[in-house]
Protein chains: 2
Amino acid sequence: MTYALWYWSEIPGRGEFVRLALEAGRIPYEDKALARDDVALMRDRGGRRPEPFAPPYLVAGDLVIAQVAAILLYLGESHGLAPADPRGRLLAHQIQLTIADCVTEAHDTHHPVAMGAYYEDQIAEAARRADDFRTERLPKFLGWFERMLARSDGPWLLGADWSYADLSLFQLLDGLRFAFPLRMERLAGGHPRLTALHAAVAALPVLQPYFKSGRRQPYGDGIFRHYPELDAA
Amino acid sequence: MTYALWYWSEIPGRGEFVRLALEAGRIPYEDKALARDDVALMRDRGGRRPEPFAPPYLVAGDLVIAQVAAILLYLGESHGLAPADPRGRLLAHQIQLTIADCVTEAHDTHHPVAMGAYYEDQIAEAARRADDFRTERLPKFLGWFERMLARSDGPWLLGADWSYADLSLFQLLDGLRFAFPLRMERLAGGHPRLTALHAAVAALPVLQPYFKSGRRQPYGDGIFRHYPELDAA
């Protein structure tokens with residue numbers, strides 16, 4: 001059975017967290033975003049049972065799974081992308097859910113008050129939310145991820161082997177570096193393990209074919225966006 | 001083994017989703033919020049390994065689980081509070097994650113730009129965010145939950161038996177009714193299955209001792225808040 005991954009075209013967004021797990025796990029899948037047909041995506045989504053609330057969703061035979069953390073829980077269990085023991089399995093999931101929370105907050109920096117409106121229509125509100133994110137929330141998230149790595153038996157979040165949580169933490173850090181380069185550079189010194197994890201995932205041999213394929217989308221106007229006025233050291 | 005549930009005192013908040021599952025499952029637990037000592041909570045949280053990013057968290061022997069959806073996944077599997085088959089198990093989790101997203105968005109209506117500041121310091125931004133939530137996001141969420149119920153073999157979300165997802169949907173609806181009474185009343189007619197589910201959970205015999213115990217906290221200044229200026233039919 002070949003999986004189908006449905007997500008918006010043109011942006012990495014939340015779909016990229018699933019894509020990295022599929023790629024790193026050498027799991028065959030059809031990437032529906034490559035067709036660049038978001039109308040087909042919306043039509044497909046409406047016809048699925050259970051109907052996904054939003055993309056991304058993974059179709060596996062007659063199984064339809066939405067929500068990134070649920071997809072990764074499933075892939076982790078089915079393809080050994082996370083520890084199999086209850087403790088490690090739950091910790092990987094817990095870290096993933098915290099990554100998801102941070103992704104939502106990163107998104108809300110440029111869309112703090114009207115999800116369906118343009119950034120340009122909420123610039124003043126975005127400035128306040130981005131300031132709060134950079135100074136309060138981001139250090140809190142990064143500090144927790146750094147401590148998770150420090151307390152692991154290492155070098156990865158869950159021990160000797162990488163899991164989907166490591167891939168997702170890489171993607172989160174990568175997106176944050178794109179969106180808030182000045183702030184992330186300033187915070188880098190205090191979070192050496194995050195810097196090392198980002199480099200380690202970027203260098204994973206199993207991911208090199210994907211990184212070199214041209215299929216990895218630029219961040220563009222997706223969840224992670226770079227507006228210079230929302231960044232500051 | 002008796003579980004310990006750690007959460008802020010004085011508000012139901014995210015802890016209530018876990019509390020309802022424990023109560024409905026007749027699972028013995030110590031509710032640490034009853035001690036009304038949030039300093040003890042912060043001290044306990046900092047000393048736990050793995051360290052929870054935020055309350056609520058459940059301590060089960062030497063297992064520490066944070067993130068509501070992860071806690072409920074665990075309780076669901078351990079105590080039969082969700083279907084055991086892969087499809088039902090994943091669908092319950094997926095619904096729970098969507099409920100969690102809606103909870104976060106409901107929270108952000110009164111704290112759209114500065115999580116650590118007072119509502120009074122972000123009233124104008126809150127008005128915009130609440131308007132967007134009431135008119136765009138809330139109908140989208142409620143419509144999806146209504147369809148999940150319509151397409152179930154019924155009467156519950158996952159079929160003939162209630163699961164933790166039903167309890168959580170009840171709590172979400174209950175909190176939304178408190179925060180946005182005018183809007184929820186207006187939307188009620190178009191979502192008869194949600195109205196019925198709320199009533200069915202409220203009447204579950206197994207929950208009556210808890211509802212009558214006085215231990216269920218009023219919403220107060222928690223995640224679900226009622227500011228009349230943020231509501232409208």
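Here the structure is a predicted model, which is why all the values come from computation and not from measurement. Naming convention: chains lettered A, B, ... in sequence-line order (proteins, then strands); numbering from 1 in each chain.
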If you count every heavy atom of other residues, nucleotides or ligands that lies below 6.0 Å from A/Asp85 atom CG, does the total exceed 12? yes

Of the listed A/Arg151, A/Glu125, A/Glu136, A/His93, the one with the largest count of heavy-atom pairs under 4.5 Å with chain B is A/Arg151

Side chain to side chain, A/Arg129 and B/His111, heavy atoms closer than 4.5 Å: no

Going from OH on B/Tyr57 to CD on A/Gln94, what distance comes out if it is rounded to the nearest 0.5 angstrom? 11.5 Å

For chain A, which of B/Arg137, B/Lys140, B/Arg87 has the most heavy-atom pairs under 4.5 Å? B/Arg87

So A/Gln96 and B/Gln67, do their side chains get closer than 4.5 Å, heavy atoms only? no

Take A/Met148 and B/Glu51, measure what side-chain contact (heavy atoms from CB on, under 4.5 Å) needs, and give me the verdict at the end. CA-CA 8 Å; A/Met148 289 294 109; B/Glu51 174 194 330; 4.0 Å; yes

Given the options A/Asp62, A/Ile65, A/Ile71, A/Leu91, which has more heavy-atom pairs under 4.5 Å with chain B than any of the others? A/Asp62

Are side-chain heavy atoms of A/Leu97 and B/Val68 found at a separation under 4.5 Å? no

Within the structure provided, determine whether B/Val113 and A/Asp132 are in side-chain contact (heavy-atom separation under 4.5 Å). no

Counting heavy-atom pairs under 4.5 Å with chain B, which one of A/Ala70, A/Ala66, A/Ala114 comes out on top? A/Ala66

Under 4.5 Å to a heavy atom of chain A? For B/Leu73 that would be side chain

Is A/Asp108 in contact with chain B via its backbone, its side chain, both, or neither, using a 4.5 Å heavy-atom distance? side chain

Using heavy-atom distances under 4.5 Å, tell me whether B/Phe141 contacts chain A through its side chain, its backbone, both, or neither. both

Among B/Met115, B/Glu105, B/Glu77, the residue with the most heavy-atom pairs under 4.5 Å to chain A is B/Met115

Out of curiosity, A/Phe53 CZ to B/Asp101 CG, how far, rounded to the nearest 0.5 Å? 7.5 Å

Most heavy-atom pairs under 4.5 Å with chain A, out of B/Ala130, B/Ala69, B/Ala117, B/Pro112, belong to B/Pro112

Here the pair of heavy atoms bringing A/Arg128 nearest to B/Asp121 is NH1-O, 2.8 Å

